[in-house]
Amino acid sequence: MNKMSIGENIKEIRILRHYTQSYVAKQLKMSTTAYGNIERDKVKELSIFKLVQIADVFGVSVVNLIDFDHYKYSIGAKLTGKTKLIAEPPKKADQTQTIKEYFDKLTTTIVETGQEIIYMIKTQERQITKKLVATLSLESKKK
């Protein structure tokens, strides 16, 4: 089963709560477009502070935003006939582990991106150096 992104999880929970994007955006004191970008994973950086705010609006934990299990919710709702989003709150240790895993993944992404940027800078630096050497060689031959 494919893991959904945080934005997809947020959207799924919003729909299950029967909230509109406009309503959630107003609760978060942001534009509907900005909130929609969160659901579509179009934001470059989603802070833990914003995740806590969103979780508060939905009445769930941050862990549910990061690791929402739609299948588990659907089965639970069918068995109990209730539309309660979370049957029991996750244990604090589980929340801590999930948040740690999220930040580990985020840290890895940042490090990999930084390495890619360094590689691109070094590549450009080599190209500029070659051009500069070629230009200086031509100028010294003219003299």
Side-chain angles (χ1 to χ4, degrees), residues 1-140:
M1 187 168 163
N2 291 341
K3 287 286 261 183
M4 292 172 41
S5 70
I6 292 174
E8 291 170 323
N9 291 342
I10 290 170
K11 180 179 181 179
E12 187 73 18
I13 294 169
R14 175 184 60 79
I15 291 168
L16 291 168
R17 286 287 193 218
H18 304 286
Y19 293 160
T20 64
Q21 282 188 339
S22 176
Y23 171 79
V24 176
K26 187 181 282 187
Q27 299 305 305
L28 296 171
K29 296 178 176 48
M30 62 191 314
S31 71
T32 303
T33 302
Y35 173 75
N37 285 338
I38 291 172
E39 284 189 0
R40 290 187 296 278
D41 294 308
K42 299 251 180 185
V43 293
K44 290 184 180 183
E45 187 177 298
L46 185 59
S47 70
I48 189 70
F49 177 74
K50 187 58 73 179
L51 284 173
V52 168
Q53 287 180 318
I54 295 168
D56 285 346
V57 170
F58 294 146
V60 300
S61 71
V62 172
V63 172
N64 293 128
L65 298 180
I66 296 170
D67 195 27
F68 179 66
D69 188 345
H70 178 77
Y71 177 76
K72 185 176 175 182
Y73 164 74
S74 297
I75 296 300
K78 287 177 185 172
L79 291 174
T80 63
K82 297 179 182 176
T83 57
K84 194 172 180 185
L85 196 59
I86 304 303
E88 60 183 69
K91 296 179 178 94
K92 191 166 190 156
D94 294 341
Q95 289 183 23
T96 303
Q97 182 61 30
T98 302
I99 291 171
K100 181 186 178 312
E101 289 169 5
Y102 171 74
F103 281 107
D104 287 347
K105 182 178 176 183
L106 187 60
T107 301
T108 301
T109 302
I110 291 168
V111 168
E112 289 171 355
T113 303
Q115 290 171 340
E116 289 174 17
I117 291 169
I118 291 169
Y119 175 78
M120 289 187 318
I121 289 170
K122 286 182 177 181
T123 301
Q124 288 179 342
E125 183 180 37
R126 284 191 290 272
Q127 291 172 348
I128 292 169
T129 302
K130 285 179 184 178
K131 287 180 183 178
L132 184 59
V133 168
T135 302
L136 290 174
S137 291
L138 287 174
E139 286 183 14
S140 66

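Below, all heavy atoms of this structure are taken into account, side chains as well, without hydrogens, waters or symmetry copies.
- Thr123 contributes atom OG1, which lies 11.0 Å from atom CD1 of Ile128 (distance to the nearest 0.5 angstrom).
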Checklist entry - How far apart are the C-alpha atoms of Asn9 and Leu65, what are their side-chain angles, what is the distance that settles it, and do they pass the side-chain contact (heavy atoms from CB on, under 4.5 Å) test? => result CA-CA 6 Å; Asn9 291 342; Leu65 298 180; 5.6 Å; no

Checklist entry - Would Arg126 and Lys122 count as a side-chain contact (heavy atoms from CB on, under 4.5 Å) if you check the C-alpha gap in whole Å, the side-chain angles of each, and the deciding distance to 0.1 Å? => result CA-CA 6 Å; Arg126 284 191 290 272; Lys122 286 182 177 181; 3.9 Å; yes

Expected list for residues 48-58: side-chain donor-acceptor pairs under 3.5 angstrom, two or more places apart:
| unit_1 | atom_1 | unit_2 | atom_2 | d |
| --- | --- | --- | --- | --- |
| Lys50 | NZ | Gln53 | OE1 | 3.0 |

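- Separating the CG atom in Leu16 from the CD atom in Glu12 is a distance of 5.0 Å, to the nearest 0.5 Å.
- We find the CD1-CD distance between Ile38 and Gln21 to be 10.0 Å, quoted to the nearest 0.5 Å.
- Applying the salt bridge (Lys or Arg N to Asp or Glu O under 4.0 Å) test to every pair with at least one member in residues 24-41, sequence neighbours left out, gives these pairs: Arg14-Glu39.
- Every residue was checked against the side-chain hydrogen bond (donor to acceptor under 3.5 Å, both in side chains) condition with Ser22, not counting sequence neighbours, and none meets it.
- Separating the CD1 atom in Ile66 from the CD1 atom in Ile10 is a distance of 9.0 Å, to the nearest 0.5 Å.
- Sorted by first and then second residue, the pairs that involve residues 22-44 and meet ring-ring contact (aromatic ring centres under 6.0 Å, His included), not counting sequence neighbours, are Tyr19-Tyr23.
- Checked against side-chain hydrogen bond (donor to acceptor under 3.5 Å, both in side chains), Gln27 has no partners two or more places apart in sequence or in another chain.
- The distance from atom CD of Glu125 to atom CD1 of Ile121, rounded to the nearest 0.5 Å, is 9.0 Å.
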